Chemist: 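Once you've had a glance at the structure underneath, I'll fire off some questions.
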Amino acid sequence: MNDRRLRLAAALVAVAGVGVAGYLTWAHYTGATIICTTGGGCETVQKSAYATIAGVPVAVLGLVGYSVILALIAWDAPSAQLGAATFAFVGLLFSGYLLIVQVFVIDALCTWCVINDVVIAPALAVLTAIRLRS
Amino acid sequence: MVGLAFAVAIVTALALVGVALVFRDNGSGTTPTTSPVVDLTGIPQEGTVLGRPSANVTLIEYADAQCPACRFYTLELFPSITKEYIKTGKVKTDYRGFPFIGPDSIKALRFILAAGKQNRLWQLQEALYRYQGGENDGWVTDDLIRERASEIPGLDVDKLFADAESKEITQAAQAAAGKAQAVGVRGTPTFFIKIGNKKPYYIQIRLDLADMRAALDDALAP
């Protein structure tokens, strides 16, 4: 894969990240997902003590993080590439923590959170890291 | 340079996790309210139905006693709905169980339905929400039910326990989830509105007063 395609892929993944985090932020503030669904668990996760840090929903952190990464990918100077990879790696580690909390602490999984933790965050970390090497 | 960024990322992530653990917002609103959030005295109650029997509009609620969203509805919105629509005789509301979260959901439903035998269903379901614990963490104990039930005027606690164990109630509680799924219920709370004897229709709403009022006003409109 050439660098142009890598950059495009990273940008698309970051957009997906903005989308998911944006949706979860919206859901957090409007209460639109306040429903308990069969096989769901989003309510438990989004209402748990771990869903906010000092009042700030973790979804907002994700939204800010992905937006910054997207901006850095758009900027694309060598320092911006390094910045994007660094941010993406922080995101990956933090997503890992959130996943551990969901599975082992609150014993509930939220589909959109898991998509972020298992697909988007790792993909973005890998893509931005590969670009540093090429 | 890359190595430095890598190190910075790890340190940042660790710091973030540390901050997250220290500043996680614990115990928001978990202290039970000891008195009912709504006074149902004087409102007719018959089995699962609360409200004047002659009310043409019925708000049907599918709920699970373990569901935090149902708790939210009952504690935050139901008092206003009661005051504006049920006490005034415009609407009656019918409780249906959809006990899908776990075995305690079925146990709670048995007692809720048993309270209906004494026309106190709506008081007991409200009381249980005030003392709701985490999903499937075993909070629906006999002791908790006995305490809550004894606070409800006119409710015979021994009869409640006997009815909750009866074959009729046990079967009804066990069949409830299947019945709810058969009409398309997939989560809780789910609301339907029934006008007169017409087929109930599902209302897709956000859990807020404006949406609830709009749906009920629409049903009441001539």
Side-chain angles (χ1 to χ4, degrees), chain A residues 26-27 29-58 61-62 65 78-101 105-108 121 125 128-129 131-133, chain B residues 1-30 62-73 76-77 98-102 105 134-137 177 180-181 185-191 204-208 211:
Chain A
W26 173 79
Y29 284 113
T30 61
T33 57
I34 304 187
I35 183 161
C36 301
T37 52
T38 41
C42 280
E43 161 69 18
T44 310
V45 177
Q46 284 249 51
K47 287 271 167 243
S48 87
Y50 296 89
T52 52
I53 301 169
V56 180
V58 288
L61 285 186
S79 59
Q81 287 187 11
L82 184 61
T86 309
F87 261 91
F89 193 61
V90 172
L92 175 69
L93 294 176
F94 194 67
S95 294
Y97 154 76
L98 291 175
L99 192 62
I100 289 169
V101 165
V105 183
I106 53 181
D107 201 17
T128 49
R131 291 196 68 211
L132 289 182
R133 301 181 61 185
Chain B
M1 195 65 180
V2 173
L4 180 67
F6 193 71
V8 167
I10 290 179
V11 171
T12 310
L14 285 176
L16 209 51
V17 169
V19 170
L21 286 173
V22 172
F23 289 99
R24 70 196 159 94
D25 296 314
N26 241 334
S28 50
T30 47
Y62 284 88
D64 183 318
Q66 291 208 83
C67 166
C70 300
R71 175 182 191 272
F72 175 82
Y73 166 71
E76 307 295 330
L77 310 181
F98 179 36
F100 71 99
I101 292 175
S105 304
E135 293 175 23
N136 297 325
D137 74 0
Q181 278 169 329
V185 176
R186 296 287 174 270
T188 52
T190 294
F191 296 96
Q204 185 166 27
I205 47 165
R206 289 185 307 164
L207 272 187
D208 68 37
D211 274 26

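Hydrogens, waters and symmetry mates are skipped; everything else that's a heavy atom, side chains included, is used. A, B, ... follow the sequence lines: proteins, then strands. Residue 1 opens every chain. Nothing here was measured: the structure is a model prediction, and the numbers come from that model.
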Chemist: Where do A:Thr86 and B:Ala5 come nearest, in terms of heavy atoms and distance?
Modeler: OG1-CB, 3.3 Å
Chemist: Step through the shown structure and confirm whether more than 12 heavy atoms of other residues, nucleotides or ligands are within 6.0 Å of CZ on A:Phe87.
Modeler: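 Incorrect, the count does not exceed 12.
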Chemist: With a 4.5 angstrom heavy-atom cut-off, is it the side chain or the backbone of B:Ile10 that approaches chain A, or both, or neither?
Modeler: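 Contact with chain A involves both backbone and side-chain atoms of B:Ile10.
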Chemist: Heavy atoms only, distances under 4.5 angstrom: which of B:Val11, B:Leu16, B:Ile101 has the most pairs with chain A? Name it, please.
Modeler: B:Leu16
